Every structure is written in structure tokens, then in C-alpha cells.
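What follows is a short report on a single structure.
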Number of protein chains: 2
Amino acid sequence: MANNKLYKGSLSTIILKLLEENDRMYGYEITQKVKELTAGELIITEGALYPALHKLEGDGYLTVEYQLVNNRQRKYYALTPDGKKEKAAKMEELERFVQQMQFLLHPKKSIDG
Amino acid sequence: MANNKLYKGSLSTIILKLLEENDRMYGYEITQKVKELTAGELIITEGALYPALHKLEGDGYLTVEYQLVNNRQRKYYALTPDGKKEKAAKMEELERFVQQMQFLLHPKKSIDG
DNA sequence: TAAACATACATAAAATCCTTAGGTATACCT
DNA sequence: AGGTATACCTAAGGATTTTATGTATGTTTA
């Protein structure tokens, strides 16, 4: 990903979450969706995305379906039952991360402050 | 750091922020402070911490002072003026990161919701 | 109609940051 | 004497990302 090094480690969480919301997506679509949702601030590079998708698939969290649209091959990914569990676990981990960062970086404020 | 892979990239931000609050700290103290603030959930490993401190020093963001306490050598680090600027920039980056994660992961909720 | 841009996939080398594993040394407690 | 805490350090390896490059098709623009 470009611009922000903090995203390291959160890419698979983002992918899993987007797939839960959209049922099925293909790689290029994911990059565009992330760009759209963050108003162009977050760019997922393909060199990061495709290996991440392949790993999630290899781990049994995603299924793949090929579809030809406008004479272009798309690979649609969808969550498996294990993928849904993994998504929930990753989300919890991320919430803990954000909370711990609050403790560290805003120690005098309350969590919602 | 142990336990949570999401911290990748945020270690230097944590160090800079803690140094701003405590004026000067030594390495071991930082590991203990982080453990304390996160109720033992976040452990900064020394293999991550010391190289990070050396890099921040090399980049001109930290000064070093040696002090002998109880016959043990401590290296006290403090922010330089550039370090304070860097700390502010890193904090902004982190705030943006958290906000972008909200956009991505809680798209139907408001930011404080 | 050629060039540029967008769509859509992919890999490989290099960089980055971290974990794991070790090393040195002193102080304290049992 | 051995274990734990304090206090510093580095090096090998792993995981993830950036950067660079490749293939191919469709659409827009000069």
C-alpha cells in the first residue's frame, strides 16, 4: 500500500471485511473500493493485494470463481465459513489494537473522548 | 512486538509519543511503560526496540545521554526539535490511519459511533 | 490510428519491520 | 549457586509490503 506504512498487517483484515459486506468481489474491484471509501487516500498496490488474496485462498478462507465480463477474465472471491470466522477474529484483533493505541497515545483521555 | 502483528509501523510513533510525555526515558523503561499502559497486553521486544531507537537517533530525532544508576549503565533518550516535529507528523498519520480504518471497517457507523 | 489510459490478472527482487534467539553484564533474592 | 530482574546489544530469519515489470483487452483522446 502506498502512503501509509501503518497499514502493514491490516490488509487481510480489510479484504475479509469487504468480502463480508459485498458477498463476492474481484481483485481490481477491491482496490477501487478501498480508494473510494477512503477518498483516494489509501491505495492498495497490486503487488500487495494479489499475494494476499492467494494466501487467504490457500489458507482456506476464500473460494474462487472465474467469470468472463466484457471479454476480460475476473476472479471473484468469496468467504468460506472458515473465512467468516477468521474475519471475526481479525476484526477483534483490530479493535484491540485501536484500543491499545488509545491507551498509549491518549492516556489522559477516555476511550471515546 | 509480541502478540499483535498490526503494530507494524507504529513502534516509532509510540516511542516518540512516550518521549514527549516523559521528557527522557531509557530503553528498558519504555518496554515497561508500554506493558503497564496496556495492562500487559502489548510487549515490545528488545529486538524491535533497540534498532528502532538507533534509527530514530540516526535520523536526528533523539539525543542520547548516558547515566550510571545502581552501577548499571542507562541510555536516556530525549526528543530533538526535529523529533518533536516528527512526533507531530507521526501522530497525524496515525489519526488518519485510524479514521481510514473506520471508513473501511465501520462504513455504516459515524466515526464516533 | 497510434498513443494513452483503464481494466484485470500476475510475479519477482528488494526493502522494511518484526520475531526469535542469542550474547554481555550487574544486582538482588533464595 | 541459580534464578529473576535490570540494562544494553546484534544477527538470522520470517512476514509483508514496495517497486518494477509483464501480459492482455477495451476505451478514449490527440
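Keep in mind that what you see is a predicted model, and the values were worked out from it rather than measured. Per chain, numbering begins at 1; letters A, B, ... match sequence-line order.
- Rounded to the nearest 0.5 Å, atoms CG (A:Asp59) and NE2 (A:His54) are 13.0 Å apart.
- The minimum heavy-atom distance between A:Ala78 and A:Asp23, with the atom names listed, is CB-O, 3.5 Å.
- Protein atom CG of A:Leu49 is 15 Å distant from nucleotide atom P of C:dT7, rounded to whole Å.
- Rounded to a whole Å, the NZ atom of A:Lys90 is 13 Å from the P atom of D:dA15.
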Problem set entry | Full working for salt bridge (charged side-chain N to carboxylate O under 4.0 Å, His left out) between A:Lys17 and A:Glu21 | CA-CA 7 Å; A:Lys17 175 65 176 171; A:Glu21 285 173 351; 3.7 Å; yes

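- Put simply, B:Tyr26 has a side-chain N or O that comes within less than 4.0 Å of OP1 or OP2 on D:dA7.
- In this structure, B:Lys33 atom NZ and D:dA7 atom P are separated by 15 Å, rounded to whole Å.
- For the pair B:Lys55 NZ and C:dT16 P, the interatomic distance rounds to 8 Å; values are reported in whole Å.
- With the nearest nucleotide of DNA chain D identified for both B:Tyr66 and B:Gln32, B:Gln32 has the one nearer the 5' end.
- Put simply, A:His54 has no side-chain N or O that comes within less than 4.0 Å of OP1 or OP2 on C:dC9.
- Residue B:Gly47 is in base contact, counting any heavy-atom pair closer than 4.0 Å across all strands shown.
- Toward the 5′ end of DNA chain C lies the nearest nucleotide of A:Val69, the other residue of the pair A:Pro51 and A:Val69 mapping further downstream.
- Between A:Glu29 atom CD and C:dT7 atom P there is a gap of 12 Å when expressed in whole angstrom units.
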Exercise. Step by step, would you call B:Leu79 with B:Glu20 a side chain to side chain contact (heavy atoms under 4.5 Å, CB included)?
Worked result: CA-CA 7 Å; B:Leu79 293 180; B:Glu20 196 215 26; 3.8 Å; yes

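- The CD atom of B:Glu46 sits 11 Å away from the P atom of D:dA7 (whole-angstrom rounding).
- Neither A:Val64 nor A:Val69 shares a network with the other; the hydrophobic side chains, linked directly or stepwise wherever heavy atoms of I, L, V, M, F, W or Y lie under 4.5 Å apart, form separate groups for each.
- The nucleotide whose nearest atom lies closest to any side-chain atom of A:Thr45 is, among D:dT19, D:dT10, C:dC18, D:dT19.
- Rounded to whole Å, the distance from CD1 on B:Ile44 to P on C:dT20 is 15 Å.
- Between A:Arg72 and C:dT7 there is no side-chain N or O to OP1 or OP2 distance below 4.0 Å.
- Atom pair A:Leu11:CG and C:dC17:C1' shows a separation of 16 Å (rounding to whole Å applied).
- Using a 4.0 Å cut-off, no side-chain N or O of B:Asn71 falls inside it from OP1 or OP2 of C:dT26.
- Of the side-chain N and O atoms in B:Tyr50, one or more sit less than 4.0 angstrom from OP1 or OP2 of D:dC8.
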